[in-house]
Amino acid sequence: MSTEVRVRIAPSPTGNLHLGTARTALYNYLYAKRHNGKFIFRLEDTDNERSDEKYTKDIIDGLKWLGLTWDEGCDIGGPYPPYRQTEKIDHYERIADKLLQNGFAYLCYASTEELAALKEEQRVSGLPSRYDNRGREVSIEQREKYQAEGRVPSFRFRVEEPQDIHWDDEIKGPITVNSADLGGDMVIIKSNGVATYNFAVVVDDIDMQMTNVLRGEDHIHNTAKQLLLFEALNCKPPHFGHTGLIFDSNDRKLSKREHGELVHIDYYKTQGYMPEAIVNYLIKTSWTPPDDTMEKFTLEEACQMFDIKRVSKTHARFDMDKLNWYNSHYLRSLPLSTVTERARPYLTDFDLSEYSHDELEKLVDTLRGSLTKLSEIKAAGSFFFGKTVEVSDEMKSTVLSSSEAKKVLTETLSSISKMPFDDPAGVKQIVDSMGKELGIKGKNLYWPLRAALAGSTQGPDLGSMISVLGPTKVQARLEAALKNGGNGHV
RNA sequence: GGCGUCGUGGCCAAAGUGGUUAAGGCACCGGGCUUUCACCUCGGAAAUUAGGGGUUCGAAUCCCCUCGACGUCACCA
């Protein structure tokens, strides 16, 4: 019986959901689905200084918004609980104790000050900074002395060096790191009794029987350290794969500090990006489908096609233009009902009861073709709301004041009863044939109508506009324009 | 600085184990469609595959060197 594939996303709740975390989660999800495996959500919250419940919520909400669901996790449980590291602090210490008894680890009494001094010494002499393993051989007397001083020890794991550590990376291929470059014996239990990241991860990955670990390449050295831990704990390590990081156009890693809210999924959510667009974009940044000319695909399709061998080894470049391109695509191709529901929160300034459910869908439909993100719908569609619309004085004098314009408006007003309001093309035809009768066409025909109805000479298709506005609004606006139009006087 | 990873048009990127004119997408430019913008559609411009050496009849693909970018060197994760 072959073992089931088990992968995870293991964020730490020290900030809102990051684009990079979302991308890593996506790849793990894809890998799990492709191999009929399990996707696990584990919370790595051992840094109680920076962790916060509000971040946990943001991360979970963001991932779910993208359409990622997990089979086991801190919010839904599973067969290998707990899925939250702070709930198994004692467990880590027990495992560390075992390592202590086996001689793989020892108690280190070095103080923060001593370690800082060591680091400074190394810096001054131009040496790479590392722990010098001085705590390995401490006499009984010395230890008693430290304890009498009130020093609280940390647990350090012995890193035997030199020693080549290598693995066949699922993305990068063979990688070798020498244990001598790992910074010396590593702390596994901090003096506050809490496991360090590298130790907790290994214990958890063993407990939860992870088979594959896909993460950013900033973890390459951690992987080497963790491999040593797996060995000491006598457990088979998972397969590792490291993706390149995400950079901006200046080769700067995407970070909160440099890019602000742009690195958070939440930003895109509030700006009105479609999760389908973000997912498609994020997957495509460093993965190529088997059909390498394929640009647009859904998460489900990607699950079927995914092949880790086609994940790029290089850095991904964040390209807002491309994301916007994807988003405008999804904005106009997603089911109208979906887009309409998602548009509602951006239209709260208006009285939505002016339109029925179906009418609102038509309204959104006429607008969505010109948007790159949903937040723009408020400005683009404001003219649809209210009995009348604001027309600038300039618009009045340049577009509405001529006698020709007035003729167009008057004539349209009297054609309202003939207009098939549920048929945009039919409405347009009426307008055109009316223009023909009047001998007015092009700008001279359309602009006065646009100005009177929407307050702008640009916008969606005229027939659709009139169709959506409906007879009552059209009449009111034409009348208002005729009455106040000329010179901007009321 | 040590160690590690990566380096194809402005940007992303394809090219199973080396083989005719180095895909495709974004952005850009032009035509068509439209009253206009956008969409859509057609077309265009844009790469001595970081640079230099090799191996080979032949290399983006293999080897060596150089350069560059990034990552990592915590009792943070």
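Below, chains carry the letters A, B, ... as their sequence lines are ordered, and counting in each starts from 1. Computed from a prediction, not measured in an experiment: that's the story for all the values here.
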(request) Please state the C1' separation for the pair G54(B) and C11(B) - nearest whole angstrom. (result) 33 Å
(message) Less than 4.0 angstrom from a charged side-chain N to a carboxylate O is my criterion; do Asp251(A) and Arg317(A) meet it?
(response) yes
(message) Could you identify the nucleotide paired to A60(B), looking across every strand shown and requiring Watson-Crick or G-U wobble geometry with both distances under 3.5 Å?
(response) none
(request) Searching all strands shown, indicate the nucleotide that pairs with G30(B) (Watson-Crick or G-U wobble; both distances under 3.5 Å). (result) C42(B)
(message) I'd like to know if Asp292(A) reaches the base of A15(B) with its side chain such that a donor and an acceptor end up less than 3.5 angstrom apart.
(response) no
(message) Check for me whether the distance between the ring centres of Tyr281(A) and His329(A) falls short of 6.0 Å.
(response) no
(message) Under a plain distance cut-off of 3.5 Å, with no hydrogens placed, do Asn280(A) and Tyr330(A) share a side-chain donor-acceptor pair?
(response) yes
(message) From C-beta outward on Val187(A), which listed nucleotide comes closest to its side chain: C70(B), C75(B), A14(B)?
(response) C75(B)
(message) Which nucleotide wins on minimum distance to the side chain of Lys119(A), given the candidates A74(B), A69(B), A77(B)?
(response) A74(B)
(request) Could you work out the separation of G10(B) and G1(B) based on their P atoms and round it to a whole Å? (result) 29 Å
(request) Return the orientation label for the Trp287(A) and Phe297(A) ring planes: parallel under 30°, perpendicular over 60°, tilted otherwise. (result) perpendicular
(request) Just call it for Ser51(A): base, sugar-phosphate, or nothing, with non-hydrogen atoms closer than 4.0 Å on any strand. (result) nothing
(message) Taking the basic N atoms (NZ, or NE/NH1/NH2) and the acidic carboxylate oxygens, is any pair closer than 4.0 Å for Lys284(A) and Asp319(A)?
(response) no
(message) Side-chain N or O of Arg310(A) versus OP1/OP2 of A15(B): is the shortest distance under 4.0 Å?
(response) yes
(message) Which nucleotide wins on minimum distance to the side chain of Asn198(A), given the candidates C11(B), G24(B), A77(B)?
(response) A77(B)
(message) Please name the nucleotide paired to G18(B) by Watson-Crick or G-U wobble geometry with both distances under 3.5 Å, or report none.
(response) none
(message) Roughly how many Å apart are U5(B) and U41(B), using the C1' atom of each and rounding to a whole number?
(response) 43 Å
(request) Would you mind reading off the distance between Lys309(A) atom NZ and A13(B) atom C1', rounded to a whole angstrom? (result) 19 Å
(request) Flag the pair Glu53(A) and Arg84(A) as a salt bridge only when some basic side-chain nitrogen lies within less than 4.0 angstrom of an acidic carboxylate oxygen. (result) yes
(request) Verify the contact: side-chain N or O of Thr46(A) to OP1 or OP2 of A77(B), cut-off strictly under 4.0 Å; return yes or no. (result) yes
(request) Could you tell me whether the phosphate oxygens of A13(B), OP1 or OP2, come under 4.0 Å of any side-chain nitrogen or oxygen in Ser312(A)? (result) yes
(request) Scan nucleotides 35-46 of chain B nucleotide by nucleotide, 5' to 3', and note B when protein non-hydrogen atoms come under 4.0 Å of the base, S if they reach only the sugar-phosphate, - if neither. (result) BB-SS-------
(request) Can you tell me the distance, in whole Å, between the NZ atom of Lys284(A) and the C1' atom of C12(B)? (result) 7 Å
(request) Using the C1' atom as the reference point in each nucleotide, state the distance between G18(B) and G58(B) in Å, no decimals. (result) 8 Å
(request) Under 4.0 Å between any heavy atoms, over every strand shown, what does His315(A) touch: base, sugar-phosphate, or nothing? Just pick one. (result) sugar-phosphate
(message) Here's a test of your reading of the structure: between Asn178(A) and Gln85(A), which maps to the more 5' nucleotide of RNA chain B?
(response) Asn178(A)
(message) Can you tell whether the side chains of Arg252(A) and Asp248(A) come within less than 4.0 Å, N to carboxylate O?
(response) no
(message) Nearest whole Å is fine: how far is A77(B) P from Gln226(A) CD?
(response) 12 Å
(request) Between G9(B) and G44(B), how far apart are the C1' atoms? Round to whole Å, please. (result) 15 Å
(message) Both distances below 3.5 Å, Watson-Crick or wobble geometry, any strand: find the nucleotide opposite A77(B).
(response) none
(message) Quick test of your reading of the model: are Glu120(A) and Arg123(A) salt-bridged, counting only N-O distances below 4.0 Å?
(response) yes
(request) Would you mind telling me which of A77(B), A69(B), A23(B) lies closest to the side-chain atoms of His219(A)? (result) A77(B)
(request) Describe the nucleic acid contact of Phe247(A) in one word from base, sugar-phosphate, nothing, applying a heavy-atom distance below 4.0 Å. (result) sugar-phosphate
(message) In this structure, how many angstroms lie between the P atom of C70(B) and the NZ atom of Lys253(A), rounded?
(response) 12 Å
(request) State whether Arg50(A) and Asp47(A) are salt-bridged, where the test is any N-O pair (Lys NZ or Arg NE/NH1/NH2 against Asp/Glu carboxylate O) under 4.0 Å. (result) yes
(message) Could you tell me how far apart Lys313(A) (NZ) and A60(B) (C1') are, to the nearest whole angstrom?
(response) 14 Å
(request) State which of U72(B), G1(B), G24(B) makes the closest approach to the side chain of Pro128(A). (result) G1(B)
(message) Let's see if you can work this out: which of C3(B), A77(B), A13(B) has an atom nearest to the side-chain heavy atoms of Lys190(A)?
(response) A77(B)
(message) Closest approach to the side chain of Arg252(A), judged atom by atom: which nucleotide of C70(B), A27(B), C76(B) is it?
(response) C70(B)
(message) Can you classify the ring geometry of Phe41(A) versus Trp70(A) as parallel (below 30°), tilted (30 to 60°) or perpendicular (above 60°)?
(response) parallel
(message) When you measure from the side-chain N and O atoms of Thr196(A) to the phosphate of A74(B), is any distance below 4.0 Å, counting only OP1 and OP2?
(response) no
(message) Distance check needed: C73(B) P versus Glu217(A) CD, whole Å only.
(response) 13 Å
(request) Can you figure out which of G4(B), C11(B), C70(B) approaches the side chain of Arg317(A) most closely? (result) C11(B)
(request) Once you apply the 3.5 Å cut-off to both distances, tell me the Watson-Crick or G-U wobble partner of U5(B), or none. (result) A69(B)
(message) Nearest whole Å is fine: how far is C70(B) P from Asp248(A) CG?
(response) 10 Å
(request) Could you check which of G71(B), C75(B), G24(B) has an atom nearest any side-chain atom of Leu245(A)? (result) G71(B)
(request) Report yes if at least one side-chain N or O of Thr14(A) is closer than 4.0 Å to OP1 or OP2 of A77(B); otherwise report no. (result) no
(request) Take atom CG of Asn222(A) and atom C1' of C3(B), then tell me their distance rounded to the nearest Å. (result) 14 Å
(request) May I ask you to decide whether Lys88(A) forms a salt bridge with Asp207(A), counting only side-chain N to carboxylate O separations under 4.0 Å? (result) yes
(request) Can you tell me, in whole Å, how much space there is between the P of C65(B) and that of A27(B)? (result) 42 Å
(message) Counting only side-chain heavy atoms from C-beta out, which of C70(B), A77(B), C75(B) sits nearest to Ser154(A)?
(response) C75(B)
(request) Can you check whether any acceptor in the base of C73(B) is under 3.5 Å from a donor in the side chain of Ser129(A), or vice versa? (result) no
(request) Could you work out the separation of A69(B) and C76(B) based on their P atoms and round it to a whole Å? (result) 31 Å
(message) For a quick check of understanding: with a heavy-atom distance under 4.0 Å over all strands, which category does Ala110(A) fall into, base, sugar-phosphate or nothing?
(response) base
(request) Using the C1' atom on both, measure U56(B) against C29(B) and round to a whole Å. (result) 42 Å
